[in-house]
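Written out below as structure tokens is the structure these notes cover.
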Amino acid sequence: MKRYDTVVIGAGVTGSAVARELSRRKGRFLVLEKASDVCEGTSKANSAIIHAGFDAQPGSLKARMNVRGNLMMDKLSEELDIPFRRVGALVVCLREEELPRLRELQERGRENGVEGLELLSGEQARALEPNLSKEVCGALLAKTSGIICPFALTLGLAESAAKNGVEFRFDTEVTGLSPEEGGWVLQAGGEEVHTRTVVNAAGVHAGLLHNMVCEQKLAVIPRKGEYCLLDKTAGGHVGRTIFQLPGRLGKGVLVSPTVHGNLLLGPTAADVEDPDSTATTAAGLTEVMEKSAWGVKDIPYRQVITSFMGLRAHEAGDDFVLAESAPGFFDGAGIESPGLSSAPAIGEYLAGLVTDKLGLEENPDFDPIRRGAPRIAELPLEERAAKIAENPLYGNIICRCEEVSEGEILDAIHGILGARTLDGVKRRTRAGMGRCQSGFCSPRVMEILARELRLDLTEIRKNGGDSQIVLKKTRGEREA
Amino acid sequence: MSQSGIHEIAIIGGGPAGLAAAIAAREAGARDIVILEREKELGGILNQCIHNGFGLHTFQEELTGPEYAARYIRQVKDLGIPYLLSTTVVDLRREEDHVAVTSVSRRDGLLQTRARAVVLAMGCRERPRGALNIPGTRPAGIFSAGTAQRLVNLEGYLPGRRVVILGSGDIGLIMARRMTLEGAKVLCVAEIQPYSGGLKRNIVQCLQDYGIPLKLSHTVVDIRGKERVSGVTIAQVDQNLKPIPGTEEDFDCDTLLLSVGLLPENELSKAVGVELAPATGGPRVNESLETNIPGVFACGNVLHVHDLVDYVSEEAANAGRCAARFAAGTLSGGGREIPLAPAGAVRYTVPAGVDPVRMDGEAVVRFRVGRNMRKAVVTVLAEEPGQEPRTLLRRKRPVMAPGEMEQIALKKEWLTGDETKITVEAREEDA
């Protein structure tokens with residue numbers, strides 16, 4: 001009987017970070033993911049911020065993991081070859097009487113060990129960010145705050161783990177979990193999987209898994225956040241992430257550049273019942289637009305190219321749950337903001353707990369370096385010409401808005417955790433993420449996927465489950 | 001190519017506009033022209049428009065899109081005009097005596113093309129869902145109408161069986177009929193405006209003939225379904241286009257097609273510094289269809305969204321001729337540009353200004369109105385300092401609609417050259 005040392009449930013950013021840290025050790029590790037790809041849940045729809053760490057309560061796991069995760073990010077982004085920019089953040093205050101709260105935030109940050117916090121006047125803040133509204137009367141500058149591509153981070157971690165020997169299975173949902181002699185047996189995708197330890201990194205479903213096996217129950221409540229994304233022409237509207245100090249009008253929304261040069265607005269915050277529902281609402285999107293205007297003026301709302309909703313896995317205890325909750329069952333639960341920022345530290349921490357439990361040895365073959373596929377359009381002209389000379393498919397543009405070539409799409413499909421869906425290609429290459437939102441390129445990407453994966457066009461899916469895009473041939477075939 | 005390695009004209013785009021521009025430029029004497037086309041065939045979007053109705057004005061017969069394109073493609077080939085296929089232009093730059101065109105392709109790799117004049121003919125793209133901020137889920141089964149058209153007509157696949165269409169632009173209307181003919185059930189077409197943005201003949205031939213309801217002043221307020229669309233909710237909107245609570249109606253469907261407007265695709269134009277007109281989303285051009293960047297011309301849907309391809313061809317031919325004159329050094333200006341100002345229901349004019357010295361007898365001025373009108377009158381007024389405005393043209397139009405492009409011919413002989421402004425106005429006769 002094949003038995004793993006550890007099964008990680010969930011290939012989001014937390015599960016992928018745990019998997020990569022585990023691959024530094026010798027052992028048999030498996031990641032199970034119910035979706036068709038990495039980064040399909042909370043990890044893909046969030047603010048894409050690497051927070052400085054001044055916000056969380058001193059002494060909490062959130063504070064500790066956030067500050068550590070932030071510190072780890074420079075080296076990690078280099079090792080994984082992913083974009084990360086420390087652009088800094090401003091928490092802006094809109095009312096004089098609330099200014100003392102900025103000082104409190106700064107103090108809290110110091111307690112958490114955050115460097116580079118500075119109080120600014122309204123004028124100083126506007127000198128840095130000319131589009132701040134005139135109501136801004138003070139700000140806290142956090143120099144270590146950064147922006148990242150959540151998908152690139154998750155894929156980078158997962159690919160690095162896979163490269164170092166971790167197995168991944170997609171479209172495989174864990175439906176049962178029970179202890180057995182010396183470990184656990186999981187019902188996963190119609191099969192039994194045996195393992196010595198389990199890491200629960202199931203995001204909004206983590207409570208469900210935990211409660212299958214633990215006496216002390218968790219209450220993971222999906223909390224939704226709606227966002228609007230603006231075209232790259234609006235990306236320079238602010239240079240830093242602009243947060244609003246929570247105030248009389250409630251908690252505001254952030255306005256931030258993204259690493260790809262777009263402008264992101266959001267999120268709202270409301271609890272929902274359905275952990276799988278990611279429907280946006282008219283009220284939510286209106287709220288995003290209204291609140292974003294409090295601290296930043298003249299946002300070009302006409303340039304919204306898409307809106308989306310993400311679910312945060314809020315736990316009733318208001319902190320991350322990182323612990324061996326049952327013998328050999330480790331929780332990475334309640335991972336809401338600052339979960340993305342904390343992921344590298346959570347990975348290190350949980351993998352450390354597992355290592356101690358199982359007495360795992362170092363993996364001398366671990367290679368921390370993972371190379372991402374080249375983004376041809378971003379290369380200087382000479383390098384671009386050289387790349388195309390090397391592989392002419394890099395000259396065949398498929399997605400005109402983001403200038404993504406056929407060669408890059410093939411890299412994505414044939415990569416170590418290759419794309420198998422339209423969304424998989426989109427997140428790896430940006431084909432379909434531009435201003436036409438895949439109108440022109442989706443039929444061509446579908447053709448390439450079908451050709452490379454030897455599938456019929458009717459089998460090509462947008463993402464997981466029954467998300468096929470075309471239903472049948474119009475000619476020469478009877479409907480099944 | 002000349003000794004200097006500089007072409008006379010580079011044409012960006014081998015669709016109807018680029019083809020007509022190339023042919024006219026050659027006929028006007030330009031010998032050294034090159035067309036750069038990103039798709040693997042010439043013809044542009046016409047290749048997927050397999051319905052008929054093209055060419056009534058140009059050829060006095062009803063052609064399909066590919067047939068219409070084929071006539072121009074044949075001429076381009078007969079004239080021996082070179083074209084590069086599967087070649088995507090990624091940058092344009094104005095240099096001292098030429099425009100530098102950077103393109104990439106599988107065959108030629110990264111290519112630098114230099115030309116004295118450039119004709120922008122990149123066409124337009126469809127407005128995506130995100131631009132409307134329609135709430136709901138984001139499953140498979142949401143297509144822009146043109147994407148669905150390509151899947152059905154070029155790939156031969158059916159994208160859905162029960163369909164709701166949002167927006168009554170021409171592609172949406174055409175696709176309502178197309179999907180019906182392919183065996184799908186089109187439940188309705190919802191249009192947020194109180195009027196359709198499409199041609200009258202398409203409303204009759206594509207909806208009424210098939211019993212497909214057109215719901216004016218309605219929009220989609222919710223999309224359901226996790227993996228595939230399972231339904232949408234449509235509601236009536238008020239004068240401010242806001243949904244009216246209580247008017248919601250649910251439709252069970254697996255597909256939502258969007259035909260909610262076309263946007264001229266001007267990323268390259270911006271790269272070379274072309275000034276855009278907010279009302280059209282296309283370059284601001286003069287009577288020669290020249291942009292603010294000397295030697296850079298624009299025509300077709302990249303300039304403003306047209307209703308009929310016949311007018312695209314006509315306009316593009318003019319751009320091609322002017323580009324040929326520019327390349328030959330005979331399009332010297334010298335005169336002063338008189339701005340054209342839209343008034344009343346007129347939303348914009350193309351061109352946005354005319355230089356009488358450079359006018360060739362007359363300038364065709366194209367425009368659209370912003371609302372449905374009956375018993376309308378179009379007036380063209382010239383203003384000169386110290387004088388009463390002079391009426392250049394007054395024409396009655398029994399019906400005017402936003403979906404239909406209008407045009408007038410502005411005669412050179414009407415102008416003194418001292419005008420400070422020419423106003424193009426449309427309003428109801430009794431107003």
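As a basis for the values below, the full set of heavy atoms in this structure was taken, side chains included, without hydrogen atoms, waters or symmetry mates. Sequence lines set the chain letters: A, B, ... in the order given, protein chains first and strands last, and positions in each chain run from 1. As the structure is a prediction and not an experimental result, all values here were calculated from the model.
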Please check if the side chain of [X] supplies one atom and the backbone of [Y] the other of a donor-acceptor pair under 3.5 Å.
X      : Y      : result
A/K472 : B/G160 : no
A/S467 : B/R228 : no
B/S105 : A/G395 : no
B/E227 : A/D466 : yes

Under a 4.5 Å heavy-atom cut-off, does chain A meet the side chain of [X], its backbone, both or neither?
X      : answer
B/T102 : side chain
B/Q48  : neither
B/Q112 : side chain
B/L151 : side chain
B/R150 : side chain

| Does atom CZ of A/R451 have more than 12 heavy-atom neighbours from other groups under 6.0 Å away? | yes
State, yes or no, whether a side-chain contact exists between [X] and [Y] at a heavy-atom distance under 4.5 Å.
X      : Y      : result
A/L393 : B/R106 : yes
B/R127 : A/R435 : no
B/Y157 : A/I469 : no

When rounded to the nearest 0.5 angstrom, what is the spacing between [atom1] in [X] and [atom2] in [Y]?
X      : Y      : atom1 : atom2 : answer
A/N396 : B/S86  : CG    : OG    : 6.0 Å
B/I134 : A/T280 : CD1   : OG1   : 9.0 Å
A/T286 : B/K242 : OG1   : NZ    : 6.5 Å

For residues 381-388 of chain A, which side-chain donor-acceptor pairs fall under 3.5 Å, sequence neighbours excluded?
residue: A/R384; atom: NH1; partner: A/E403; partner atom: OE1; Å: 3.2
residue: A/R384; atom: NH2; partner: A/E403; partner atom: OE1; Å: 3.0

| query | Which residues in residues 256-283 of chain B have a heavy atom less than 4.5 Å from any heavy atom of chain A? | reply | B/E265, B/E267, B/K270
